[in-house]
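Taking it in order: structure first as C-alpha cells, then the write-up.
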Amino acid sequence: MSIRNLLMIVSVVLSVLIGLVLARGGGGEGAAKGSGGGGVSGGNGRVLVGLSLDTLKEERWQADRDLFKKRCEELGADVDVQAANGDDTQQIKDVESLITAGCRVIVIVPHDGLAMAKAVELAHKAGIPVIAYDRLIRDCDLDLYLSFDNVRVGELQAQYVLDHLPTKGKGRLVRVFGAPTDNNAHLFKQGQDNVFGPAVERGDIKMVHEDWAEDWKPENAKKIVNAAITNVGHNFDAVVAAADGVAGGSIQALTEEGLAGKVIVTGQDAELAACQKIVAGTQSMSIYKPLKVLAATAAEAAVRMAEGKVIVAKQVVNNGKIDVPSILNQVYVAEKGNLVQTVIKDGFQKYDEVYRGVPEAQRPPK
Ligand code: BGC
C-alpha cells in the first residue's frame with residue numbers, strides 16, 4: 001500500500017472516529033470538552049478559531065498554518081493566527097488577544113511547554129478549550145493534544161544511523177538535540193536513547209559530544225558542531241541532528257571543515273532545503289511527518305469543540321497533571337532512495353524543486 005493511500009485511510013479513520021465519538025457525546029477518560037460559549041463568535045456569523053504559534057520562521061510551521069487555516073475555512077470557520085517569534089511573554093499576550101477577539105477554541109504550538117500552562121488557565125477562565133498542536137503543554141488541564149509519535153521519530157533517526165555506519169553498528173556520534181523548552185525535543189532524545197542504549201552499553205557506540213540547541217536555532221546547532229570539532233577533531237561518524245533546521249546549521253559547520261557528505265547527518269520535517277541536501281548527499285535522511293493529516297485532524301477537532309461538542313480520543317498522554325486525550329500520527333523515514341515514493345508522491349514537496357539543479361539524466365523516475 002502506498003503512503004498516500006495509507007494516509008488517506010488514517011485520515012478517514014480519524015475523522016470517523018472523532019465523528020462517532022461526538023455522536024455518542026461521550027465523556028470520561030480521553031474526553032475533550034467543547035467550548036463553554038458554544039457556537040458562533042464573529043460578527044459575520046462564523047465560528048472563530050485561534051491559532052497561536054511559537055514561530056513562523058521555519059518552513060514547517062508555515063505549512064501547518066496554511067493547511068490548518070484551509071481546513072477550518074472549508075468547515076465554515078475563520079482563523080485568527082498569531083506568531084510569537086519564540087517569546088513566551090509575547091505568546092501569552094497572543095493568547096490573551098485571541099480570547100478578546102472572541103475565539104471559541106484556541107490551538108497552541110507552545111514555544112515553552114511549561115510557560116504556556118498559564119495561557120491554558122487564562123483561556124479556561126474565559127470558558128475556552130485549548131488544543132496543544134504538535135507540542136505538549138505541561139502541568140495544566142489541557143483539553144486535547146494532537147501530534148506525531150515523537151518517540152518513534154527519535155527511534156527511526158537512531159536506527160538509520162546504526163544501519164548506515166561504515167563500521168556496522170559501531171561508531172562515534174555527535175548529537176544535536178532540540179530546544180530544551182520543547183517537550184518534543186525530550187521525546188526525540190528518548191527515542192534515540194531507546195535504540196542507542198544497548199549499543200552504548202556494549203561500547204559499540206560512543207557519544208563524543210552532545211548538546212541542546214536553544215530555540216531550535218540553526219546557528220546554535222552550528223556552534224555545537226563547531227565545539228564538537230574543537231573537542232574531538234574530525235574523529236566522528238555522524239551528527240544526529242533532531243530536525244532539519246538544526247541539521248542545516250550542523251552541515252554548515254561540517255562544510256567549513258570539508259566534512260559535509262562524509263559523515264551521516266539526520267534530520268526531521270522533510271523540508272525542501274533538507275530534501276535537496278539529501279539529494280546532494282550532505283544530509284542523509286529526514287523524517288517525513290504528514291502535516292496534512294495533523295492539520296486536518298486539528299482543524300476538525302477545533303471546529304467541533306468551538307461548536308461546544310465533546311471529543312474523545314483513543315489515547316491519553318500524561319502532561320504531569322492530567323491524562324490528556326491525544327491523537328499521535330505516524331512518521332516515516334525519508335531518504336535518497338524513497339523521496340519520490342514518500343514526500344513527492346504525497347504532494348508534500350514538488351519533484352522539480354527537490355531535484356532542482358540535478359541534470360534530467362541523473363534524476364530518478366517520477
Ligand atoms: C517539531 C519539529 C520541528 C521543531 C522545530 C518540534 O516541536 O516537532 O517538527 O522541527 O519543533 O521547530
Side-chain angles (χ1 to χ4, degrees), residues 3 60 134-136 147-180 182-213 216 218 220-221 224-225 228 232 235-251 253-254 259-271 274-275 277-278 281-290 317 328-339 342-343:
I3 287 202
R60 116 135 248 204
D134 195 69
R135 300 175 178 167
L136 188 63
S147 187
F148 292 94
D149 185 342
N150 294 308
V151 173
R152 185 83 189 125
V153 169
E155 288 173 350
L156 289 174
Q157 291 169 330
Q159 196 56 55
Y160 183 95
V161 171
L162 286 187
D163 292 345
H164 290 81
L165 283 165
T167 39
K168 271 280 165 218
K170 295 193 178 166
R172 293 159 60 82
L173 314 184
V174 172
R175 285 203 291 180
V176 180
F177 306 126
D182 177 357
N183 189 63
N184 284 350
H186 298 272
L187 299 177
F188 303 144
K189 177 178 186 299
Q190 186 187 320
Q192 291 175 9
D193 289 345
N194 289 346
V195 173
F196 285 136
V200 170
E201 267 172 38
R202 281 196 306 273
D204 288 347
I205 291 290
K206 190 167 190 302
M207 302 302 171
V208 295
H209 189 89
E210 47 186 34
D211 207 345
W212 299 80
W216 287 103
N220 294 335
I224 294 170
V225 176
V232 302
N235 191 8
F236 58 92
D237 306 289
V239 176
V240 190
D244 289 344
V246 287
S250 304
I251 293 166
L254 294 174
L259 285 175
K262 294 188 181 150
V263 301
I264 298 168
V265 178
T266 65
Q268 163 181 199
D269 294 327
E271 289 187 351
C275 291
K277 285 177 198 145
I278 290 174
T282 52
Q283 184 169 331
S284 315
M285 61 89 78
S286 187
I287 301 287
Y288 170 46
K289 305 196 291 190
V317 170
L328 304 180
N329 294 295
Q330 277 195 50
V331 299
Y332 307 86
V333 168
E335 53 185 319
K336 200 168 187 171
N338 77 358
L339 289 176
T342 55
V343 290

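Predicted model, so just to flag it, every value in this text is computed and none were measured.
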Query raised in the report: Which atom names give the shortest non-hydrogen contact between Ala221 and Ala213, and what distance separates them?
Result: N-CB, 4.2 Å
Requested in this report: Measure the spacing between OG1 of Thr167 and CG of Asp237 and express it to the nearest 0.5 Å.
Outcome: 5.5 Å
Requested in this report: Could you pull out the closest heavy-atom pair between Val176 and Val246, with the gap in Å?
Outcome: CG1-CB, 4.1 Å
Query raised in the report: Within the side chain of Asn338, is there an N or O that forms a donor-acceptor pair under 3.5 Å with the backbone of Glu335?
Result: yes
Report task. Determine the minimum heavy-atom distance between Ala241 and Ala247, stating which atoms define it. Result -> CB-CA, 3.7 Å
Report task. Taking all non-hydrogen atoms of both residues into account, name the closest pair between Gln192 and Val240 and its distance. Result -> NE2-CG1, 3.5 Å
**Report entry** For Glu271, all residues meeting side chain to side chain donor-acceptor pair (under 3.5 Å), sequence neighbours excluded
**Finding:** none
Report summary line: dist Leu156:CG -> Gln268:CD (nearest 0.5 Å) comes out at 10.0 Å
Requested in this report: Name all pairs fulfilling the salt bridge (charged side-chain N to carboxylate O under 4.0 Å, His left out) condition that reach into residues 241-251, sequence neighbours left out, sorted by first residue then second.
Outcome: none
Report task. Please assess Val265 against Leu254 for the test side-chain contact (heavy atoms from CB on, under 4.5 Å), listing each intermediate value before the final yes or no. Result -> CA-CA 10 Å; Val265 178; Leu254 294 174; 3.6 Å; yes
Requested in this report: Would you check if there is a donor-acceptor pair between the side chains of Asn184 and Asp134 at a distance under 3.5 Å?
Outcome: yes
Query - Any side-chain heavy-atom pair of Lys206 and Leu173 under 4.5 Å - result: no
**Report entry** Residue pairs involving residues 183-211 (criterion ring-ring contact (aromatic ring centres under 6.0 Å, His included); sequence neighbours excluded)
**Finding:** His186-Trp212
Query raised in the report: Can you check whether Ser147's main-chain N or O pairs, donor with acceptor, with Asn329's side chain at less than 3.5 Å?
Result: yes
Requested in this report: Mind checking side chain to side chain contact (heavy atoms under 4.5 Å, CB included) for Asn183 and listing every partner two or more places apart, or none if nothing turns up?
Outcome: Leu136, Arg138, Leu187
Query - Heavy-atom donor-acceptor pair, Gln330 side chain to Phe148 backbone, under 3.5 Å - result: no
Report task. Output all residues satisfying ring-ring contact (aromatic ring centres under 6.0 Å, His included) with Tyr160, sequence neighbours left out; order by chain, then residue number. Result -> His164
Query raised in the report: At what distance, to the nearest 0.5 angstrom, does CG of Asp204 lie from CD of Glu201?
Result: 11.5 Å
Query raised in the report: Considering residues at least two apart in sequence or located in another chain, which fulfil the side chain to side chain donor-acceptor pair (under 3.5 Å) criterion with Asp269?
Result: none
Query raised in the report: Which residues pass the salt bridge (charged side-chain N to carboxylate O under 4.0 Å, His left out) test with Lys277, sequence neighbours left out?
Result: none
Requested in this report: Can you sort out the partners of Asp211 under side chain to side chain contact (heavy atoms under 4.5 Å, CB included), two or more places apart, ordered by chain and number?
Outcome: Ile224
Requested in this report: Kindly indicate whether the side chain of Phe236, heavy atoms from C-beta on, has any atom under 4.5 Å from the side chain of Val263.
Outcome: yes
Query raised in the report: Listed by chain and number, what are the salt bridge (charged side-chain N to carboxylate O under 4.0 Å, His left out) partners of Glu210, not counting sequence neighbours?
Result: Arg175
**Report entry** Ile251 vs Gln283, side-chain contact (heavy atoms from CB on, under 4.5 Å): CA-CA, chis, key distance, verdict
**Finding:** CA-CA 8 Å; Ile251 293 166; Gln283 184 169 331; 3.8 Å; yes
Requested in this report: Report the C-alpha distance between Val195 and Leu162 in whole Å, list the side-chain angles of each, state the deciding distance to 0.1 Å, and finish with yes or no for side-chain contact (heavy atoms from CB on, under 4.5 Å).
Outcome: CA-CA 9 Å; Val195 173; Leu162 286 187; 3.7 Å; yes
Report task. Start with the C-alpha gap between Leu165 and Ile205, add the side-chain angles, then the distance that decides, and say whether side-chain contact (heavy atoms from CB on, under 4.5 Å) holds. Result -> CA-CA 10 Å; Leu165 283 165; Ile205 291 290; 3.6 Å; yes
**Report entry** Value rounded to 0.5 Å, distance of CD in Gln190 from CG in Asn150
**Finding:** 10.0 Å
Query - Under the side chain to side chain donor-acceptor pair (under 3.5 Å) test, residues paired with Thr282 that sit two or more places apart - result: none
Query raised in the report: So which pairs with a foot in residues 154-173 pass salt bridge (charged side-chain N to carboxylate O under 4.0 Å, His left out), sequence neighbours left out?
Result: Arg152-Glu155
Query raised in the report: About how many Å separate OG1 of Thr266 and CE of Met285, when rounded to the nearest 0.5 Å?
Result: 6.5 Å
Requested in this report: Only counting residues at least two apart or in another chain, list the ones meeting side chain to side chain contact (heavy atoms under 4.5 Å, CB included) with Ala270.
Outcome: Cys275, Ser286, Tyr288, Val343, Phe348
